[in-house]
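We're numbering straight along the sequence, starting at 1.
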Amino acid sequence: MKFHLIIIRGHIMRIGILGVGMIGKTLVQKLSAAGHNVKAANSRGPESIDPDVFSRGGRGVTSAEAVKDVDVVIVSVNPRSFGQIAPLIKSLPPETVVIDTFNYYPAREGDGKIEALESGQVESVWVSEVLGRPLVKAWNTIIFQSFATRGVPAGTPGRIALPVAGDNEHDRRVAMALVEDTGFDAFDAGVLADSWRQQPGAPAYCTNLTLEELPGALAAAEKERLPKRRDIVWQAIAERTSNEMTSITEDYIIRLQRAVFM
């Protein structure tokens, strides 16, 4: 039986994070700073994690330890690691909330082409099948620079909003509460099958929209156009970064994605 106290804002949660890349690192720091009990792991062991990850709290552990005795597990790894963590995720108690931050880029090292996704399956639905567990999709629609620096208190004008999708309403509300704790407005984006509306290439994807702007952007998404738009932006950024003399800024990425996706 699920307990409902966990959905109340301000309740301290026990959180395990798998993956400490740029998004995972910021999740550790923001959720620790919000008062949650955070453990984090990567595939190489806790001794390999940069101590800076825990500058605001939390601790490094093994992957098995990260998912033990927690209320929430956040998966922020590339597909190469899914097979390694799948047994851990499948063994979790049914009341544990699992949150997925994955975005698919076939040209990115670590992804490669995934046939099911190339055929149009919704990304987090596929992840749910691979990991053998219902998921909530969150924190996938913000680039790491914005995630690290643009979080502000609730009620701040212009606060960025992030969509949260999942089939279980309780789990979705838990994820929304945590999104709020990281400094962003959370928007209930409905079931996981509709989370293609927040995938790369969609108007809501990494365009830093407010809570007033986000619903319209989600509604305007056209599924069949997402892969081409995603790849156009990937190629533009790759071309720009191939020149060592050319810097790429957060502002450039946001403007580019708004121009192509919206």
ILVMFWY network linking [X] to [Y], side-chain heavy atoms under 4.5 angstrom:
{"X": "Val97", "Y": "Val127", "answer": "no"}
{"X": "Leu135", "Y": "Val77", "answer": "yes"}
{"X": "Val72", "Y": "Val98", "answer": "no"}
{"X": "Val61", "Y": "Ile49", "answer": "no"}
{"X": "Ile85", "Y": "Ile114", "answer": "yes"}

Sidechain-backbone polar pair: [X] side chain, [Y] backbone, donor-acceptor under 3.5 Å:
{"X": "Arg59", "Y": "Phe54", "result": "no"}
{"X": "Arg133", "Y": "Leu92", "result": "yes"}
{"X": "Asn103", "Y": "Asn140", "result": "yes"}
{"X": "Arg258", "Y": "Thr207", "result": "yes"}
{"X": "Thr249", "Y": "Tyr252", "result": "yes"}
{"X": "Lys39", "Y": "Lys68", "result": "yes"}
{"X": "Gln257", "Y": "Cys206", "result": "yes"}

Parallel, tilted or perpendicular: ring planes of Phe82 versus Phe102, cut at 30 and 60 degrees |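 Aromatic pair Phe82/Phe102 classed perpendicular.
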Which atoms form the tightest heavy-atom contact between [X] and [Y], and what is the distance?
{"X": "Thr156", "Y": "Pro153", "result": "OG1-O, 2.7 Å"}
{"X": "Ala217", "Y": "Leu209", "result": "CB-CD1, 3.4 Å"}
{"X": "Leu192", "Y": "Val122", "result": "O-CG1, 3.7 Å"}
{"X": "Ala236", "Y": "Leu256", "result": "CB-CD2, 4.0 Å"}
{"X": "Asp167", "Y": "Ala193", "result": "OD1-N, 4.4 Å"}
{"X": "Ala116", "Y": "Trp126", "result": "CB-CD1, 3.7 Å"}

Flag the pair Arg172 and Asp188 as a salt bridge only when some basic side-chain nitrogen lies within less than 4.0 angstrom of an acidic carboxylate oxygen.
->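 Salt bridge present between Arg172 and Asp188.
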Distance in Å, [X] [atom1] paired with [Y] [atom2], rounded so as to fall on 0.5 Å steps:
{"X": "Gln121", "Y": "Glu115", "atom1": "CD", "atom2": "CD", "result": "11.0 Å"}
{"X": "Leu226", "Y": "Arg229", "atom1": "CG", "atom2": "CZ", "result": "7.5 Å"}
{"X": "Asp100", "Y": "Ser124", "atom1": "CG", "atom2": "OG", "result": "3.5 Å"}
{"X": "Thr96", "Y": "Asp69", "atom1": "OG1", "atom2": "CG", "result": "9.0 Å"}
{"X": "Leu27", "Y": "Leu18", "atom1": "CG", "atom2": "CG", "result": "11.5 Å"}
{"X": "Glu250", "Y": "Ile253", "atom1": "CD", "atom2": "CD1", "result": "8.0 Å"}

Residues Glu180, Arg159; criterion salt bridge (Lys or Arg N to Asp or Glu O under 4.0 Å); working and verdict | CA-CA 11 Å; Glu180 294 277 348; Arg159 195 185 197 210; 2.7 Å; yes
Taking C-beta and beyond as the side chain, do [X] and [Y] meet within less than 4.5 Å on heavy atoms?
{"X": "Leu214", "Y": "Pro163", "answer": "yes"}
{"X": "Phe144", "Y": "Lys25", "answer": "no"}
{"X": "Phe187", "Y": "Leu218", "answer": "yes"}
{"X": "Leu178", "Y": "His36", "answer": "yes"}
{"X": "Ser55", "Y": "Gln29", "answer": "yes"}
{"X": "Leu117", "Y": "Gln199", "answer": "no"}
{"X": "Ile74", "Y": "Ile15", "answer": "yes"}
{"X": "Val136", "Y": "Val174", "answer": "no"}

Residue from Asn37, Thr26, Val38 passing side chain to side chain contact (heavy atoms under 4.5 Å, CB included) with Leu31 =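 Among Asn37, Thr26, Val38, the one meeting side chain to side chain contact (heavy atoms under 4.5 Å, CB included) with Leu31 is Val38.
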Run the numbers on Glu65 and Thr62 for side chain to side chain donor-acceptor pair (under 3.5 Å), then give the verdict.
-> CA-CA 5 Å; Glu65 291 171 322; Thr62 66; 3.1 Å; yes
Report the C-alpha separation of Trp196 and Lys137 in whole Å, then their side-chain angles, then the decisive distance to 0.1 Å, and conclude whether the side-chain contact (heavy atoms from CB on, under 4.5 Å) test is met.
-> CA-CA 10 Å; Trp196 62 267; Lys137 190 177 189 74; over 6 Å; no
Kindly check if the number of other-residue, nucleotide or ligand heavy atoms within 6.0 Å of CD (Glu239) is above 12?
->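 Not buried by this count: 12 neighbours or fewer within 6.0 Å.
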Taking it one step at a time, do Phe147 and Met22 satisfy side-chain contact (heavy atoms from CB on, under 4.5 Å)?
-> CA-CA 9 Å; Phe147 189 35; Met22 298 308 297; over 6 Å; no
Start with the C-alpha gap between Met262 and Tyr205, add the side-chain angles, then the distance that decides, and say whether side-chain contact (heavy atoms from CB on, under 4.5 Å) holds.
-> CA-CA 9 Å; Met262 299 184 74; Tyr205 179 75; over 6 Å; no
